[in-house]
Amino acid sequence: MESRLIEITSKKNKKIKMGIIPGHFATNHSHINYYVDMTTIKTNHSVAKLAAKELASDYRDTCIDTIICLEGTEMIGAFLADALTKSGEMNINDSKGISVITPELNTNNQMIFRDNIQKSIYGKRILLLISSTSTGKTINRSTDCLKYYNGNLVAIASIFSAAKHVLDIPIKSIFTSDDLPNYKTETPADCQLCKDGVKVDAIVNSYGYSKI
């Protein structure tokens, strides 16, 4: 599969790149015709810092108390908090402290926050940071959890997003489906590749892929 990898460069910053592999892939929620590889963005500190800076530019005027990091975006989240609180750059969050946290996930893949972390959620203005958004179901599930903990979701940021918004909240991203030629996300029942008899190449999630 790696031989099919294509590198996509961000229109916002030429130093930010992600890999895509065309094919037939199954996620928890849908079937997609591209595997999106953001390993370098999430694990290389210099690229993660650049990605955070680009995302921060969309939230200069948004008051944020807490960043919740999903799908391995913790390093980007830390750099994002730093960029949002940097003095001298017209940030509404100038010099304040922003909490950067990661939830636990139970057996039903629902978010859990322990008692010592809940103070960073209750009544706080929250930015949800996720690596990839295709259908928006993960974000929808996360918002239900935040309501339970009385958190106020004010912003959603994603490295790649095929969706424009979830629950009337715009999703700001570095890459969109416009960067992927003929990108498709379909339910397993509606998947045209399945109907055409095309074998699934791999099962994918935020950790990577497993070939079938």
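Because the structure is predicted, anything quoted here is derived from the model rather than measured.
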Thinking salt bridges, do K96 and D65 make one under a 4.0 Å N-O criterion?
yes
SB check D179 K11 (cutoff 4.0 Å)
yes
Non-hydrogen side-chain atoms of [X] and [Y] separated by less than 4.5 Å:
X	Y	value
N205	T27	no
L127	I68	no
L5	Y35	no
F113	T102	no
M38	K17	no

Tell me if the centroids of the rings in Y183 and F160 come within less than 6.0 Å of each other.
yes
Do I169 and I171 share a hydrophobic cluster, counting only Ile, Leu, Val, Met, Phe, Trp and Tyr and linking them when any side-chain heavy atoms are less than 4.5 Å apart?
yes
Determine, using the 4.5 Å side-chain heavy-atom cutoff (strictly less than), whether V100 and M111 are members of one ILVMFWY cluster.
no
How long is the straight-line distance from [atom2] of [Y] back to [atom1] of [X], given to the nearest 0.5 Å?
X	Y	atom1	atom2	value
Q118	R114	CD	CZ	10.0 Å
T143	Y148	OG1	OH	15.5 Å
N106	C145	CG	SG	9.0 Å
S158	I139	OG	CD1	6.5 Å
L84	D82	CG	CG	9.0 Å

Is the backbone N or O of [Y] less than 3.5 Å from a side-chain atom of [X], with the two atoms forming a donor-acceptor pair by type?
X	Y	answer
H24	V198	yes
T73	C69	no
D201	K211	no
N93	T62	yes

